[in-house]
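Report on one structure; see the data block that follows.
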Amino acid sequence: IGKGEEYPTEQESYEAEAETLYSLLEDFVVPLFYRKDDSFYSKKWVQYMKNSIRTNSGVYSTQRMVREYAQKYYYPAMKTYTSINTSAEDIVAFRRWKEKIWSNWHNVEVKDMYLDGTKDAYVGKEFEATAVIYLNGLAPTDIKAELLYGSVNAMGKFQNATYSTLQLVESNDETKTHTYKGTAVCVDSGMQGCTVRVVPKHHFLSNAAEMYVCSWSNDIKGENELSE
C-alpha cells in the first residue's frame with residue numbers, strides 16, 4: 001500500500017496505509033462495482049476481474065497452494081510417519097528429545113553476532129556472519145543456526161528474506177557457547193538487513209515450526225549495515 005513512503009513510527013505508517021486503502025475502496029473500487037449499464041453489470045469491473053485472473057491465476061491459485069502444501073508439508077510428514085511408525089523405541093526417543101528441547105529452550109540465546117564484509121556492500125558482494133550461541137545444555141546436533149538476510153522496510157522488517165545455514169566451527173567448554181559461521185551474498189540494492197535465528201533440528205521433524213520455539217539475535221556487532 002502506498003508508494004514506499006517512510007514514517008517516523010509504525011503507528012503512523014498503519015494509519016496512513018489504512019487511509020489510503022479506505023480511500024481507494026470508497027473512491028474507486030466500490031463506485032466501479034456499482035457503475036452498471038443496461039446489461040445490469042459493470043463492464044469495467046468485469047474487465048478488471050478478467051485482467052486479474054489472467055495475470056495472477058498462475059501464482060494465486062488453489063492448485064498452486066495445494067501443490068506447495070503437499071511438497072513442503074504433507075509429503076515430508078508422510079515420510080516421517082512411515083519411518084517413525086516402524087519402531088516404538090524411536091517414538092519414545094523422539095518424545096524424550098522434544099521434552100528436552102522444551103525444558104531447556106527458555107535460555108537458548110544468541111550471545112553475539114558479527115558481520116564482516118558488509119561495509120560499502122553492493123549487489124553480488126559476499127559477506128560473512130559469525131554467531132556465538134549458548135545452548136543451555138542442548139547439544140549442537142539438537143539445533144540449526146540460520147542466517148536470514150534481505151531487503152527491509154522503513155520499520156526494519158524483512159520484505160523478502162532469504163536464509164542460509166550456519167556451520168559449527170568451535171565449541172567453548174568454559175563458557176558453554178558454540179560459534180557458528182557462514183557466508184551469504186547481497187542479492188538486492190536498497191536498505192538491507194540480516195539476523196540469526198536458532199531452531200530445533202531432528203531428522204523426524206517435518207518442519208522446525210512444529211516445536212513452537214525459536215531464538216533470535218538481538219544485536220549485531222561489527223559492520224552491521226549492508227548496501228543502501
Side-chain angles (χ1 to χ4, degrees), residues 1-5 10 13-14 16-34 41-86 91 94-95 97-98 101-102 105 123 143-166 182 184-216:
I1 301 175
K3 299 179 180 179
E5 300 91 344
E10 194 169 24
S13 173
Y14 290 155
E17 291 183 355
E19 178 65 27
T20 300
L21 178 60
Y22 285 124
S23 296
L24 180 64
L25 290 171
E26 183 177 356
D27 299 333
F28 179 76
V29 176
V30 175
L32 181 65
F33 179 81
Y34 286 102
Y41 67 89
S42 171
K43 292 182 179 179
K44 195 68 175 178
W45 177 264
V46 173
Q47 180 181 339
Y48 270 90
M49 287 174 53
K50 290 181 177 179
N51 187 60
S52 295
I53 294 171
R54 181 170 58 252
T55 56
N56 297 321
S57 60
V59 179
Y60 297 98
S61 67
T62 304
Q63 184 181 38
R64 192 277 310 162
M65 179 188 71
V66 172
R67 181 174 62 249
E68 192 169 317
Y69 267 114
Q71 292 174 344
K72 290 187 175 181
Y73 302 104
Y74 299 152
Y75 292 160
M78 289 172 59
K79 183 178 179 180
T80 299
Y81 173 80
T82 302
S83 60
I84 201 174
N85 199 42
T86 59
I91 296 175
F94 186 37
R95 179 61 191 178
W97 176 85
K98 284 186 172 182
I101 294 295
W102 287 325
W105 198 269
V123 175
I143 66 96
K144 179 166 59 174
E146 297 176 329
L147 174 69
L148 273 74
Y149 56 97
S151 301
V152 296
N153 61 19
M155 302 301 152
K157 294 184 178 181
F158 282 113
Q159 298 290 90
N160 54 338
T162 304
Y163 72 90
S164 61
T165 301
L166 301 177
V185 175
C186 185
V187 296
D188 204 354
S189 60
M191 188 179 297
Q192 303 289 298
C194 65
T195 188
V196 168
R197 71 180 178 189
V198 183
V199 295
K201 182 183 71 173
H202 194 283
H203 60 280
F204 282 152
L205 282 180
S206 298
N207 190 298
E210 295 176 26
M211 297 296 293
Y212 298 101
V213 292
C214 180
S215 295
W216 295 86

Salt bridge (Lys or Arg N to Asp or Glu O under 4.0 Å) with Lys43: which residues, sequence neighbours excluded?
Asp37

Taken in chain and number order and not counting sequence neighbours, the residues that satisfy side-chain contact (heavy atoms from CB on, under 4.5 Å) with Ala70 are Tyr74, Tyr75

What pairs of residues pass the salt bridge (charged side-chain N to carboxylate O under 4.0 Å, His left out) test when at least one of them lies in residues 192-204, not counting sequence neighbours?
Glu146-Arg197

Test your reading of the model: is there a side-chain donor-acceptor pair from Glu210 to the backbone of Asn207, 3.5 Å cut-off?
yes

Check whether any side-chain heavy atom of Ile143 lies under 4.5 Å from a side-chain heavy atom of Val199, and answer yes or no.
no

Neighbour count above 12 (heavy atom, 6.0 Å) for Phe204 CZ
yes

Quick one: list whatever passes side-chain contact (heavy atoms from CB on, under 4.5 Å) with Val213, sequence neighbours left out.
Ile101, Trp102, Trp105, Pro200, Met211

Please tabulate, for side-chain N and O atoms in residues 46-56, each donor-acceptor pair with protein atoms closer than 3.5 Å (sequence neighbours left out).
residue : atom : partner : partner atom : Å
Asn51   : OD1  : Arg54   : NH2          : 2.8
Ser52   : OG   : Tyr48   : O            : 3.0
Thr55   : OG1  : Asn51   : O            : 2.9
Thr55   : OG1  : Ser52   : O            : 3.3
Asn56   : ND2  : Ser52   : O            : 3.4

Counting only N and O atoms by type, is there a donor-acceptor contact under 3.5 Å from the side chain of Ser42 to the main-chain atoms of Leu32?
yes

If the condition is salt bridge (Lys or Arg N to Asp or Glu O under 4.0 Å), which residues does Lys157 pass it with, not counting sequence neighbours?
Glu10

Indicate the atoms forming the closest heavy-atom contact of Val123 with Asp188, along with that distance.
CG2-C, 3.5 Å

Show the nearest heavy-atom pair for residues Leu147 and Cys194, with the distance to one decimal.
CD1-CB, 4.2 Å

List for me each residue that meets side-chain hydrogen bond (donor to acceptor under 3.5 Å, both in side chains) alongside Ser13, sequence neighbours excluded, and say none if there are none.
none

With sequence neighbours excluded, what pairs up with Ser61 under the side-chain contact (heavy atoms from CB on, under 4.5 Å) test?
Gln63, Arg64

Just so I know, are the side chains of Phe158 and Thr195 near enough to count as touching, which here means a heavy-atom distance under 4.5 Å?
yes

Who are the side-chain hydrogen bond (donor to acceptor under 3.5 Å, both in side chains) partners of Arg67, not counting sequence neighbours?
none

Evaluate the side-chain proximity of Thr162 to Tyr149: yes if any heavy-atom separation is below 4.5 Å, no if none is.
yes

Quick one: sort the Tyr73 and Tyr69 rings into parallel, tilted or perpendicular, breaks at 30° and 60°.
tilted

Could you tell me which residues satisfy side-chain contact (heavy atoms from CB on, under 4.5 Å) with Glu19, sequence neighbours excluded, listed by chain and number?
Ser23

Could I get the full list of ring-ring contact (aromatic ring centres under 6.0 Å, His included) partners for Phe33, not counting sequence neighbours?
Trp45

Nearest heavy atoms of Ser151 and Ser189, plus distance in Å:
OG-O, 4.3 Å

In sequence, state the C-alpha distance, the side-chain angles, and the governing distance for Val196 and Leu148, and then conclude on side-chain contact (heavy atoms from CB on, under 4.5 Å).
CA-CA 6 Å; Val196 168; Leu148 273 74; over 6 Å; no

Listed partners of Lys72 passing salt bridge (Lys or Arg N to Asp or Glu O under 4.0 Å), at least two apart:
Glu68

For the residue pair Ala77 and Ser206, what are the closest heavy atoms and their distance?
CA-OG, 3.2 Å

